[in-house]
Amino acid sequence: MSAPRVIAELVVTGIKVLGKATAAAGSQAVRNFKHKPEGVADSGPVGAGSSKSKVTSQLGMSLDEAHLILNVKKDEPMDVIQKHYETIFAANSPPAPSAEPVVPTPRQAGKKATKLPSHSFYLQSKVFRALERIKAEREAASGGGESATAEAGAAAPEAGAGAGTGSGPAEGR
């Protein structure tokens, strides 16, 4: 047997083994995807029946994510959380309009302009939703579970643009 032929057979054999392994991994992934554990409802993720999951799905943010956004610990009191909220919200607010417009002097015209602090409506909304999520969780924990989920459901349409305009598919019903 010549060396090139042996190398070619090794390459072909390696490709066959790799192909079979890839096919087996793909079929296992399909089986895992289709597998439904016993006692789980047909729709929704596992554990979707709990009230915490309902609040999370209504507000679109988990409690852990809310704590990370506001940089607070889970057991901190609401006044500390409110203080963090106000600080972060103010940091992402647009600057207050100044009374007189800024006109560059000839000396400043050649220099790079100093970068003004930027603001982000997106970050403000994330911070607001994080505080809203923590408040909803605290209300649910204090026994107002129904009011927290109802409040969360009422707050969700406010965030959507065009909510309640009647342009949805249920218009003609």
Side-chain angles (χ1 to χ4, degrees), residues 29 32-33 35-37 39-171 173:
N32 289 346
F33 180 74
H35 176 69
K36 180 184 144 205
V40 177
D42 286 334
S43 62
V46 176
S50 69
S51 63
K52 290 182 182 180
S53 294
K54 288 179 184 175
V55 173
T56 298
S57 64
Q58 286 174 345
L59 295 177
M61 180 182 297
S62 70
L63 189 59
D64 291 334
E65 182 182 1
H67 284 104
L68 285 173
I69 289 171
L70 292 176
N71 194 24
V72 294
K73 295 179 180 162
K74 294 181 182 183
D75 56 349
E76 294 207 33
M78 269 314 282
D79 58 340
V80 173
I81 294 172
Q82 186 71 31
K83 182 181 174 195
H84 279 252
Y85 161 77
E86 290 168 358
T87 303
I88 297 169
F89 194 85
N92 289 297
S93 297
S98 60
E100 42 188 79
V102 178
V103 180
T105 61
R107 184 190 296 177
Q108 293 175 339
K111 295 181 181 180
K112 284 188 175 179
T114 58
K115 187 174 182 181
L116 296 174
S118 61
H119 63 279
S120 171
F121 179 73
Y122 172 76
L123 290 177
Q124 277 188 317
S125 66
K126 288 297 267 190
V127 169
F128 178 78
R129 294 294 176 209
L131 180 67
E132 187 178 53
R133 174 65 174 97
I134 292 172
K135 282 182 178 179
E137 187 67 30
R138 298 272 171 109
E139 287 177 11
S142 68
E146 290 301 316
S147 66
T149 56
E151 179 182 315
E158 293 174 7
T165 58
S167 61
E171 176 68 38
R173 293 183 195 170

Straight-line distance of [X] [atom1] to [Y] [atom2], nearest 0.5 Å:
X   : Y    : atom1 : atom2 : result
Y85 : Q124 : OH    : CD    : 8.0 Å
I81 : N71  : CD1   : CG    : 11.5 Å
I69 : S62  : CD1   : OG    : 8.5 Å

Begin with the C-alpha distance, continue with both residues' side-chain angles, and end with the deciding distance and a verdict on salt bridge (charged side-chain N to carboxylate O under 4.0 Å, His left out) for K83 and E86.
CA-CA 5 Å; K83 182 181 174 195; E86 290 168 358; over 6 Å; no
Contact between D64 and K74 at the side-chain level, heavy atoms closer than 4.5 Å - yes or no?
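SC-SC contact between D64 and K74 confirmed.
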Got L131 and H84 here, is their nearest side-chain heavy-atom distance under 4.5 Å?
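Answer no - side chains too far apart.
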Taking NZ, NE, NH1 and NH2 as the nitrogens, is one of them in [X] or [Y] under 4.0 Å from a carboxylate oxygen of the other?
X    : Y    : value
E139 : K135 : no
E76  : K73  : no
E65  : K126 : yes

Minimum heavy-atom distance A66-A130, with the two atoms named:
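Closest pair (atom of A66, atom of A130, distance): CB-O, 3.5 Å.
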Treating R133 as the side-chain partner and M61 as the backbone partner, does any N or O pair qualify as donor plus acceptor under 3.5 Å?
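Such a contact is found between R133 side chain and M61 backbone.
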Main-chain N/O of I88 paired with N92 side-chain donor or acceptor, under 3.5 Å:
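Flag set: sc N92 to bb I88 pair under 3.5 Å.
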